[in-house]
Amino acid sequence: MAAKLDYHWHLRKVMANRGFFSTTDLIPLLEERGITLSSSQVYRLVVERPERLSLKILMALLDILDCTMDDLIEPVAAAGAESTTRTKKAVGAETGVGGLRPKRARIRGPEQS
């Protein structure tokens with residue numbers, strides 16, 4: 001089985017090392033490179049770990065911050081990768097439902113007296 005990989009996103013740390021302490025500082029610099037993002041999009045890019053990122057934005061960030069991809073993205077082995085392979089049980093499944101199943105209905109003909 002292949003190892004599951006994860007990553008750490010260090011944009012905020014790299015920005016601080018380069019003297020950028022506000023997320024809005026990136027907006028005009030990105031616009032100079034043809035990338036228009038709202039202030040909330042830039043904030044999420046800096047503060048949260050992006051799941052998807054266009055190469056155009058990544059290249060612009062590398063140019064703006066004068067850094068390499070190794071500075072921004074640190075690959076790591078996923079924590080708890082083994083525990084995710086187990087199947088999850090439904091709530092209450094640990095007690096079983098054998099005694100709680102309804103009985104099958106039987107259709108009877110009209111009673112004769």
Side-chain angles (χ1 to χ4, degrees):
M1 175 183 233
K4 302 226 183 229
L5 294 178
D6 204 359
Y7 66 95
H8 292 287
W9 180 243
H10 298 295
L11 179 57
R12 176 174 261 186
K13 183 171 75 170
V14 173
M15 283 177 61
N17 290 341
R18 305 293 191 275
F20 294 100
F21 297 102
S22 175
T23 59
T24 56
D25 293 342
L26 287 179
I27 295 173
L29 298 171
L30 287 167
E31 286 178 351
E32 287 175 10
R33 289 156 179 86
I35 298 169
T36 304
L37 296 176
S38 68
S39 59
S40 63
Q41 287 173 316
V42 173
Y43 177 82
R44 285 194 309 267
L45 182 65
V46 173
V47 175
E48 299 173 7
R49 189 181 78 157
E51 292 300 318
R52 286 173 270 143
L53 182 65
S54 77
L55 289 176
K56 205 172 184 183
I57 294 173
L58 179 60
M59 292 299 115
L61 290 172
L62 296 177
D63 184 43
I64 291 167
L65 299 170
D66 191 30
C67 65
T68 65
M69 281 196 289
D70 291 338
D71 297 329
L72 286 181
I73 305 167
E74 176 190 354
V76 293
E82 297 301 320
S83 64
T84 59
T85 59
R86 292 184 292 162
T87 56
K88 293 184 179 180
K89 292 183 179 180
V91 175
E94 58 276 351
T95 59
V97 293
L100 301 176
R101 293 192 186 274
K103 292 185 178 182
R104 180 173 266 191
R106 292 188 177 192
I107 299 174
R108 298 183 184 182
E111 289 189 50
Q112 300 196 352
S113 11

**Report entry** Tyr43 atom OH: more than 12 heavy-atom contacts under 6.0 Å
**Finding:**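 At most 12 heavy atoms, drawn from other residues, nucleotides or ligands, come within 6.0 Å of this atom.
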Query raised in the report: Would you say Met69 has more than 12 foreign heavy atoms packed within less than 6.0 Å of its CE?
Result: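 No, CE of Met69 has 12 or fewer neighbouring heavy atoms, counting only those of other groups under 6.0 Å.
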Indicate the atoms forming the closest heavy-atom contact of [X] with [Y], along with that distance.
{"X": "Ser22", "Y": "Met15", "answer": "O-CE, 3.7 Å"}
{"X": "Arg18", "Y": "Leu65", "answer": "NE-O, 2.6 Å"}
{"X": "Leu30", "Y": "Leu61", "answer": "CD2-CD2, 4.4 Å"}
{"X": "Ile35", "Y": "Ile57", "answer": "CD1-CA, 3.7 Å"}
{"X": "Asp71", "Y": "His10", "answer": "O-CB, 3.5 Å"}
{"X": "Leu58", "Y": "Ile73", "answer": "CD1-CD1, 4.5 Å"}

**Report entry** Gap separating the CH2 atom of Trp9 from the CG atom of Leu72, nearest 0.5 angstrom
**Finding:**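 Reported to 0.5 Å precision, the distance equals 5.0 Å.
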Requested in this report: To the nearest 0.5 Å, tell me how far Lys13 NZ sits from Glu74 CD.
Outcome: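 Those atoms lie 7.0 Å apart.
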Report task. Test side chain to side chain contact (heavy atoms under 4.5 Å, CB included) on Leu26 and Leu37 and set out the steps. Result -> CA-CA 9 Å; Leu26 287 179; Leu37 296 176; over 6 Å; no
Requested in this report: Applying side chain to side chain contact (heavy atoms under 4.5 Å, CB included), run through Asp63 and Met59 and close with a yes or a no.
Outcome: CA-CA 6 Å; Asp63 184 43; Met59 292 299 115; over 6 Å; no
Requested in this report: Treating Ile, Leu, Val, Met, Phe, Trp and Tyr as nodes and any side-chain heavy-atom pair under 4.5 angstrom as an edge, say whether Leu55 and Leu29 lie in one connected cluster.
Outcome: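 Yes; tracing contacts between hydrophobic side chains, which count when under 4.5 Å, links both residues.
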Query raised in the report: Linking I/L/V/M/F/W/Y whenever their side-chain heavy atoms sit closer than 4.5 Å, directly or via other members, would Phe21 and Ile64 fall into one cluster?
Result: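 Each belongs to a different hydrophobic cluster.
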Query raised in the report: Sequence neighbours excluded, which residues qualify as salt bridge (Lys or Arg N to Asp or Glu O under 4.0 Å) partners of Arg49?
Result: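 Arg49: salt bridge (Lys or Arg N to Asp or Glu O under 4.0 Å) contacts with Asp6, Glu51.
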Report task. Name all residues meeting the salt bridge (Lys or Arg N to Asp or Glu O under 4.0 Å) criterion together with Asp25; count only those two or more places apart in sequence or in a different chain, and write none if there are none. Result ->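 Per chain and number, Asp25 pairs via salt bridge (Lys or Arg N to Asp or Glu O under 4.0 Å) with no residue.
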**Report entry** side chain to side chain contact (heavy atoms under 4.5 Å, CB included) assessment of Phe20 paired with Val46
**Finding:** CA-CA 11 Å; Phe20 294 100; Val46 173; over 6 Å; no
